[in-house]
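For reference, the structure discussed in these notes is given below.
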Amino acid sequence: MAQCEQCGRQMPGFTFGKKICQWCRQHEAAQRGEDSPYQRVETAPWARPQSSSMIVTQLIFGANVAVFLAMLLAGVSMLSNPSGPDLVRWGANFGPLTVGGQWWRLLTCVFLHGGLLHIAFNMWCLWDLGRLAESVYGHWTFAVVYLICGVGSSLASVWWNPSVLSVGASGAIFGIAGALIASFYLGEFSMPRAAMTGMLRSVVAFVGYNLFFGAVISGVDNAAHVGGLVMGLILGALIAKVAPMHDHIGRRISVLLVGALVVVGAGMGLAHSRSYLVHGQRGVSRLSADDAIRELQKSVRQRPEFAPAHAALAHAYIVKHDYDQAVSELKRVIELDPKNGSAYDQLGLIYLSEKQAAKAEDAFTRLLKVDPNSAEGHAGLAGALSDQHRNEEALEEYKRVAEIDSLFQGVNYNMGVMEARLNRYDDAIASLLKQREAGDDPDNENLLAAVYEAKGMRKEAEAARAKAAEFTEKD
């Protein structure tokens with residue numbers, strides 16, 4: 001097939017005479033100041049108002065930075081890793097809350113980020129891709145495509161990871177990349193084909209690189225990336241084929257309405273397929289344990305393999321002091337998620353409260369296999385060993401707790417108890433005096449008095465008893 005002599009673009013069949021494509025002719029006409037009848041996907045580069053070509057990109061960039069700074073000024077640890085509760089409070093996408101009725105999270109999460117590095121990388125990508133996409137589609141089309149892709153990416157995230165927090169602009173940015181890929185591949189541009197192929201390859205490389213690293217690096221929400229990308233591919237293809245001209249506003253609006261309807265339909269499908277999240281969230285938010293249990297039972301019936309609902313149901317049973325049912329639910333959580341440390345911890349605590357020290361020892365031992373540096377696990381194991389009068393082993397576990405977290409509640413007092421049982425009175429006194437630094441505790445002072453008494457230190461014993469009485473009166 002013949003090629004254009006100027007840009008190398010392939011010419012239509014049966015082309016005779018001077019082999020110059022319509023796009024080069026359009027460019028020549030523009031240089032002569034003449035109008036051209038040919039349709040285009042993008043505004044002609046020689047006709048773009050350069051001063052405001054990035055206005056929407058700049059506004060989106062500014063909105064993301066403004067939210068970041070607002071969170072920082074509000075005390076959220078944005079320079080490192082903000083906590084989950086902080087992100088939820090500011091509008092993160094979290095399946096149980098989103099599907100439970102807070103649908104606005106699908107959009108607000110697109111303007112939140114999980115730290116300085118997160119927002120820095122996303123804004124760098126937004127600046128480059130946003131500038132390009134805004135020049136291709138125009139201001140308002142670019143803005144709507146960005147928002148639709150952002151919401152689409154959030155829906156994909158909830159569908160794939162319903163119990164995981166999701167924040168960040170990357171899903172919307174992937175949507176813009178997808179739209180550009182579709183338009184570059186399917187649309188007609190006045191630029192030489194070689195230049196268009198280079199731009200297409202660059203965007204495809206960006207998508208492939210980030211999807212690969214999203215798959216191998218933990219903590220990256222690749223479901224949101226894929227969701228945004230697919231939504232962008234759909235919108236970009238429709239714009240390129242149905243509404244390539246900027247002045248065909250009706251067609252553009254129709255295409256974007258189709259995209260919006262796809263998102264709405266996906267949301268309705270998500271609400272139906274993830275209705276167990278609604279019951280789960282209702283159960284968590286109920287003040288009455290009985291109401292919570294009813295809602296959570298509906299959730300686990302609809303999705304028996306949803307571990308968070310079983311965990312919440314176990315907690316509701318604990319509140320109601322129905323420990324047999326709580327144990328059953330916690331065992332189910334462990335079956336579904338063998339690395340759920342919290343389930344082992346709660347199970348061990350129930351066994352301790354029920355004076356089943358051997359079972360408690362087993363639960364805490366399994367917790368420590370999952371997380372060897374769990375202070376709660378070592379403390380629970382120490383309590384189980386203490387109840388079995390294995391004081392030496394219990395003391396070693398309490399020492400391990402102090403190594404992991406020197407401020408762990410009551411650790412020095414418990415060490416003092418074990419040391420007193422082993423008649424290591426000097427060590428017990430040192431531990432109990434260290435516990436005294438943590439605050440007023442009559443139990444600590446009474447034990448300290450008993451240890452002083454055992455050593456024949458009556459004066460010190462009397463002083464400790466006086467402190468205990470003083471603390472008791474304050475209470």
Side-chain angles (χ1 to χ4, degrees), residues 41 56 60 91-95 97-111 126 129-130 133-134 136-162 164 166-187 203-204 207 210-211 214 221-246 248-275 277-278:
V41 172
V56 176
I60 296 172
N93 187 20
F94 181 51
L97 295 177
T98 302
V99 182
Q102 299 179 18
W103 293 101
W104 46 267
R105 292 181 178 274
L106 295 172
L107 182 59
T108 55
C109 72
V110 177
F111 295 91
L126 171 64
L129 289 175
E134 192 167 353
V136 169
Y137 297 118
H139 304 316
W140 71 271
T141 301
F142 166 68
V144 177
V145 168
Y146 182 89
L147 294 175
I148 290 176
C149 289
V151 174
S153 70
S154 299
L155 285 168
S157 176
V158 174
W159 180 80
W160 188 254
N161 301 307
V164 175
S166 177
V167 295
S170 55
I173 294 169
F174 266 82
I176 293 303
L180 287 171
I181 289 171
S183 290
F184 287 159
Y185 185 75
L186 299 173
V203 180
V204 170
V207 170
N210 284 281
L211 285 178
D221 189 359
N222 241 6
H225 294 169
V226 173
L229 177 65
V230 171
M231 195 71 242
L233 288 168
I234 294 171
L235 291 175
L238 289 174
I239 290 173
K241 289 300 182 182
V242 177
M245 294 185 67
H246 283 226
H248 282 178
I249 296 176
R251 289 187 181 184
R252 284 280 177 98
I253 292 175
S254 298
V255 166
L256 296 174
L257 280 175
V258 168
L261 288 173
V262 169
V263 168
V264 171
M268 294 174 66
L270 179 69
H272 178 73
S273 65
R274 297 292 185 267
S275 60
L277 293 174
V278 177

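Every heavy atom of this structure was used, including side-chain atoms; hydrogens, water molecules and symmetry mates were not.
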Heavy-atom side-chain contact between [X] and [Y] under 4.5 Å:
X: Met231; Y: Phe174; result: no
X: Phe111; Y: Val167; result: no
X: Ser254; Y: Val242; result: no

When you measure from the side chain of [X] to the backbone of [Y], do you find a donor-acceptor pair of N or O atoms at a distance under 3.5 Å?
X: Thr108; Y: Gly91; result: yes
X: Asn93; Y: Ser166; result: no
X: Ser157; Y: Ser153; result: no
X: Tyr137; Y: Ala179; result: yes

Closest heavy-atom contact between [X] and [Y]?
X: Gly227; Y: Ala156; answer: CA-CB, 3.6 Å
X: Trp103; Y: Gly267; answer: CH2-O, 3.8 Å
X: Gly236; Y: Ser183; answer: O-OG, 3.4 Å
X: Val110; Y: Gly150; answer: CG2-O, 3.8 Å
X: Leu180; Y: Ala133; answer: CD2-CA, 3.8 Å
X: Phe142; Y: Gly130; answer: CZ-CA, 3.8 Å

Response to the item:
The side chain to side chain contact (heavy atoms under 4.5 Å, CB included) partner of Leu235 among Ile148, Val262, Val144 is Ile148
Fill in: Of Leu126, Leu147, Ile173, the residue whose pairing with Ile60 passes side chain to side chain contact (heavy atoms under 4.5 Å, CB included)
Leu126
Worksheet item: Will you find, in the side chains of His225 and Ser170, an N or O donor that is under 3.5 Å from an N or O acceptor?
Response: yes
Discussion item. Could you tell me if Arg105 and Thr98 have a donor-acceptor pair between their side chains, going purely by distance under 3.5 Å?
Written reply: no
Worksheet item: How far does CG of Leu155 sit from CH2 of Trp160, to the nearest 0.5 angstrom?
Response: 15.5 Å
Worksheet item: Which value, rounded to the nearest 0.5 Å, describes the distance between Trp104 atom CH2 and Cys109 atom SG?
Response: 10.0 Å
Practice prompt. Apply side-chain contact (heavy atoms from CB on, under 4.5 Å) to the pair Arg252 and Trp140, showing each step before the final yes or no.
Written response: CA-CA 10 Å; Arg252 284 280 177 98; Trp140 71 271; 3.6 Å; yes
